[in-house]
Novice: 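Please read through the structure below; I'll follow up with questions.
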Amino acid sequence: QAQLVESGGGSVQPGGSLRLSCAASGFTLQYHAVGWFRQAPGREREGIAYITYSGETADVEKRVKGRFTISKDNTKNTVYLQMNSLEPEDTAVYYCAATFWDGTVWPPYEYDYWGQGIQVTVSS
C-alpha cells in the first residue's frame, strides 16, 4: 500500500519553529518529485516548495521565502519542511505529495500520491 504520512505538526507561538516530515512507504521516492502544500480555511490550496530525488529544489510560495526550507533524506525515504519564524498567517493544514517526474515540467502540476495532511497552528 503506497502511502505518504506527515508528522511534526502542532501548535506554536509566533516566531517559533517546526519541522514537518513526510515519510513514504510502499514505494520509493526514486524518480519522484515531492511537494509541500498547505490549505487554510476559506483559502485555496497553495504550493510551498518542491524537491527532486537528487535534491534540486524550487521555492514557489513567496510568503515563506527565507523562512521555510525543504530537504530530504533518501536513506529514510523521507522529505522534510523546516519552518522558522512562524507567523499566524502560516496556520493551515499542510500536505505532502509525490509524483513520478520525467523532467519535462518543473515543478510538476499534478501528483499521484497525497498525505492526509497535518495541522499547524501559530497563535499567542
Novice: Measuring from atom SG of C96 to atom OH of Y113, what distance do you get when rounded to the nearest 0.5 angstrom?
Specialist: 13.0 Å
Novice: Please step through side-chain hydrogen bond (donor to acceptor under 3.5 Å, both in side chains) for the pair S54 and T52, ending with a clear verdict.
Specialist: CA-CA 5 Å; S54 63; T52 69; 3.1 Å; yes
Novice: Given the rule in the side-chain hydrogen bond (donor to acceptor under 3.5 Å, both in side chains) test, do T78 and D73 qualify, once you have shown the distances and angles that lead to the verdict?
Specialist: CA-CA 6 Å; T78 298; D73 185 343; over 6 Å; no
Novice: Would you give the length of the straight line joining atom OG of S17 to atom CE of M83, rounded to the nearest 0.5 angstrom?
Specialist: 8.5 Å
Novice: If every non-hydrogen atom of G9 is compared with every non-hydrogen atom of V120, which pair is closest and at what distance?
Specialist: CA-CG2, 4.3 Å
Novice: Tell me whether I118 shares a hydrophobic cluster with V34, the cluster being built from Ile, Leu, Val, Met, Phe, Trp, Tyr side chains joined at under 4.5 Å.
Specialist: yes
Novice: In Å, rounded to the nearest 0.5 Å, how long is the span from CG of D59 to OG1 of T69?
Specialist: 7.5 Å
Novice: With a 4.5 Å limit on heavy-atom distance, are the side chains of L86 and P14 in contact?
Specialist: no
Novice: Distance from E46 atom CD to E61 atom CD, nearest 0.5 Å?
Specialist: 4.0 Å
Novice: Are L18 and V64 linked, directly or through other ILVMFWY residues, by side chains that come within less than 4.5 angstrom of each other?
Specialist: yes
Novice: Quick one: pull up CG in N84 and CZ in F68 and give me the separation to the nearest 0.5 Å.
Specialist: 8.5 Å
Novice: Does atom CD of Q39 have more than 12 heavy-atom neighbours from other groups under 6.0 Å away?
Specialist: yes
Novice: Only one of R67, R43, R63 clears salt bridge (Lys or Arg N to Asp or Glu O under 4.0 Å) with D90; which?
Specialist: R67
Novice: Can you confirm whether R19 sits close enough to Y80 that some side-chain heavy atom of one is under 4.5 Å from a side-chain heavy atom of the other?
Specialist: yes
Novice: Can you measure from CH2 (W36) to SG (C22) and round to the nearest 0.5 angstrom?
Specialist: 5.0 Å
Novice: Could you go through the side-chain hydrogen bond (donor to acceptor under 3.5 Å, both in side chains) check for N74 and K76 one step at a time?
Specialist: CA-CA 5 Å; N74 288 340; K76 298 179 179 179; over 6 Å; no
Novice: Please answer: with hydrophobic residues joined when any side-chain heavy atoms are less than 4.5 Å apart, are F27 and I51 in the same cluster?
Specialist: yes
Novice: Donor-acceptor check, side chain of S21 to backbone of E6, threshold 3.5 angstrom: yes or no?
Specialist: no
Novice: Heavy-atom distance under 4.5 Å between the side chains of I70 and V79, does that happen here?
Specialist: yes
Novice: Using a 6.0 Å distance limit plus a 45 degree cone around the ring axis, check whether R38 lies over the aromatic ring of Y95.
Specialist: no
Novice: Would a line drawn from the ring center of F37 to the ring center of Y50 be shorter than 6.0 Å?
Specialist: yes
Novice: Side-chain heavy atoms nearer than 4.5 Å, only ILVMFWY residues, links allowed to pass through others: does that put L29 and W101 together?
Specialist: no
Novice: Any chain of hydrophobic side-chain contacts (each under 4.5 Å) joining V93 to L20?
Specialist: no
Novice: Quick check on E110: does its CD atom have over 12 non-hydrogen neighbours (other residues, nucleotides or ligands) under 6.0 Å away?
Specialist: no
Novice: Can any side-chain N or O of Q1 pair as donor or acceptor with the backbone N or O of G26 at less than 3.5 Å?
Specialist: no
Novice: Donor-acceptor pair, Y109 side chain versus W106 backbone, under 3.5 Å?
Specialist: no
